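Everything on this sheet refers to the single structure shown next.
All of these numbers come straight from a predicted model, not from anything done at the bench.
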Amino acid sequence: MGRTRAVIGLCAVGVGVAVAIIALLAAACPGRWCASDPFAWLRPALPPVGWQVARTPNGAALAYPPGWKAIKTDPGTASVALRSSGGRIDGYLNVTPKQGAETLANWSRFRPQKNRAEGARNVRLLAATNDAHFRSARGSCVIDAYTTSLTTYEEIACLVSRPGSSEVVVAAAPTQLWQERTAALERAVSSVAV
C-alpha cells in the first residue's frame with residue numbers, strides 16, 4: 001500500500017513538473033513564431049482580388065490591401081502604409097533594391113545589425129529562414145522586433161533574389177497592433193515578385 005502511494009506521489013510530481021515546463025515554454029515564446037515552421041504561411045501567391053500593387057522603378061512588385069496608401073520614402077523604393085486617423089503609421093510595407101553587403105546566407109545576421117545601425121534598440125531575432133520561396137525568386141527572411149524613439153515594432157524582412165536582381169521586402173507594424181495586422185502583412189510578403 002505504501003509503495004502504491006509513493007508511485008502515485010511520484011507520478012503527480014512528474015505531471016506537475018511537465019505542466020510547469022509547458023507553462024514556462026509558453027511564457028518564453030508567446031507568439032505564433034514558436035511553431036515548428038514559423039514561415040509556413042509563406043506560400044507564393046498572386047495578389048488578392050481588390051489589392052493594389054506598388055512597383056519599384058526596376059519592376060519589383062508588392063501588393064497591398066485596400067485602405068493602405070503609397071508614401072514617399074527613399075528613391076528607387078515602393079512604400080505603402082496604413083495610417084491611423086491621427087496620422088500614426090499602423091502598418092508599413094516596403095520593397096527596395098539591395099544596397100549593401102546582404103546575402104541570402106548572412107541575412108539573419110545582417111538585418112538585425114542594420115536595424116541596430118539605424119538606431120533601433122532591443123533588437124530581437126524571433127525567427128529566420130534561408131529557404132523562402134517567392135513567385136519569381138528565392139529568399140531569406142527574418143521575423144524580428146525592435147524599439148525606436150516612437151514605439152516597438154515587429155517586422156518580417158526578406159531578401160528576395162533571382163539572377164540579376166535582389167530586393168529587400170519589409171512588412172512591419174507596431175507591436176500592439178501586430179496580431180491584427182499579421183495576416184495582411186504575410187499575404188503582402190507572399191505576393192512579392194522581383
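- Two different hydrophobic clusters hold Val142 and Val160 under the rule that ILVMFWY side chains link at heavy-atom gaps under 4.5 Å.
- Taken from OH in Tyr153 to CG in Asp144, the straight-line distance is 13.5 Å, to the nearest 0.5 Å.
- In this structure, Val80 and Gln52 have side chains that are not in contact, with every pair of non-hydrogen atoms separated by 4.5 Å or more.
- Listed here is the closest heavy atom pair of Asn106 and Ala101: ND2-O, 3.1 Å.
- Between Cys141 and Leu42 the shortest side-chain heavy-atom distance falls below 4.5 Å.
- For Pro97 against Gly76, the heavy-atom pair with the smallest separation is CD-O, 3.3 Å.
- The CG atom of Asn115 lies 12.5 Å from the CZ atom of Arg124; values are rounded to the nearest 0.5 Å.
- Between the side chain of Lys114 and the main chain of Glu118, no donor-acceptor pair closer than 3.5 Å is present.
- Around CZ of Arg187, the count of heavy atoms belonging to other residues, nucleotides or ligands within 6.0 Å does not exceed 12.
- When all heavy atoms of Val194 and Arg162 are compared, the pair lying nearest together is O-NE, 2.8 Å.
- Atom OG1 of residue Thr129 and atom CG of residue Asp37 lie 7.0 Å apart, to the nearest 0.5 angstrom.
- Between Gly67 and Leu82, the closest heavy-atom pair is O-CD1, 3.6 Å.
- Put simply, Tyr146 and Leu126 are part of two different groups of oily side chains (I, L, V, M, F, W, Y) that touch within less than 4.5 Å, one to the next.
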>> Tyr92 vs Thr73, test: side chain to side chain contact (heavy atoms under 4.5 Å, CB included). Steps then yes/no.
In response: CA-CA 11 Å; Tyr92 175 78; Thr73 54; 4.2 Å; yes

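- A single hydrophobic cluster is seen to contain both Leu104 and Val170, as judged by linkage of ILVMFWY side chains at heavy-atom distances under 4.5 Å, directly or through other members.
- A donor-acceptor pair under 3.5 Å is formed between the side chain of Glu102 and the backbone N or O of Gly100.
- Side-chain atoms of Thr175 come within 3.5 Å of backbone N or O of Thr152 as a donor-acceptor pair.
- Applying side chain to side chain donor-acceptor pair (under 3.5 Å) to Ser79 and the options Asp74, Thr56, Asn94 leaves one that passes, Asn94.
- Ile156 and Leu159 fall into different hydrophobic clusters, where Ile, Leu, Val, Met, Phe, Trp and Tyr are joined by side-chain heavy atoms under 4.5 Å apart, directly or via other members.
- Ala54 and Tyr64 get closest at one heavy-atom pair: N-CE2, 3.7 Å.
- Salt-bridge formation is detected for the pair Glu155/Arg111: a Lys NZ or Arg NE/NH1/NH2 atom is positioned less than 4.0 Å from an Asp or Glu carboxylate oxygen.
- By the rule that hydrophobic residues join a cluster once side-chain heavy atoms approach within less than 4.5 Å of another member, Val95 and Trp51 end up as members of separate clusters.
- Using cut-offs of 30° and 60° on the angle between ring planes, the pair Phe110 and Trp107 is parallel.
- Side-chain atoms of Ser161 and Arg138, non-hydrogen and from C-beta on, never get closer than 4.5 Å to each other.
- In terms of heavy-atom proximity, Thr77 sits nearest to Pro57 at N-CD, 4.5 Å.
- The distance from atom CG of Asn130 to atom SG of Cys158, rounded to the nearest 0.5 Å, is 12.0 Å.
- Between Leu62 and Val53 the shortest side-chain heavy-atom distance does not fall below 4.5 Å.
- The distance from atom CZ of Arg88 to atom CG of Asp90, rounded to the nearest 0.5 Å, is 4.0 Å.
- When side chains are defined from C-beta on, Val169 counts as touching Val192, because their heavy atoms get closer than 4.5 Å.
- Considering only heavy atoms from C-beta on, Thr151 comes within 4.5 Å of Gln176 through its side chain.
- Side chains of Phe39 and Ile143 form a contact here, defined as non-hydrogen atoms less than 4.5 Å apart.
- Rounding to the nearest 0.5 Å gives a distance of 6.0 Å between CZ of Arg121 and OG1 of Thr147.
- Put simply, the side chain of Pro47 reaches to within 4.5 Å of the side chain of Arg135, judged on heavy atoms.
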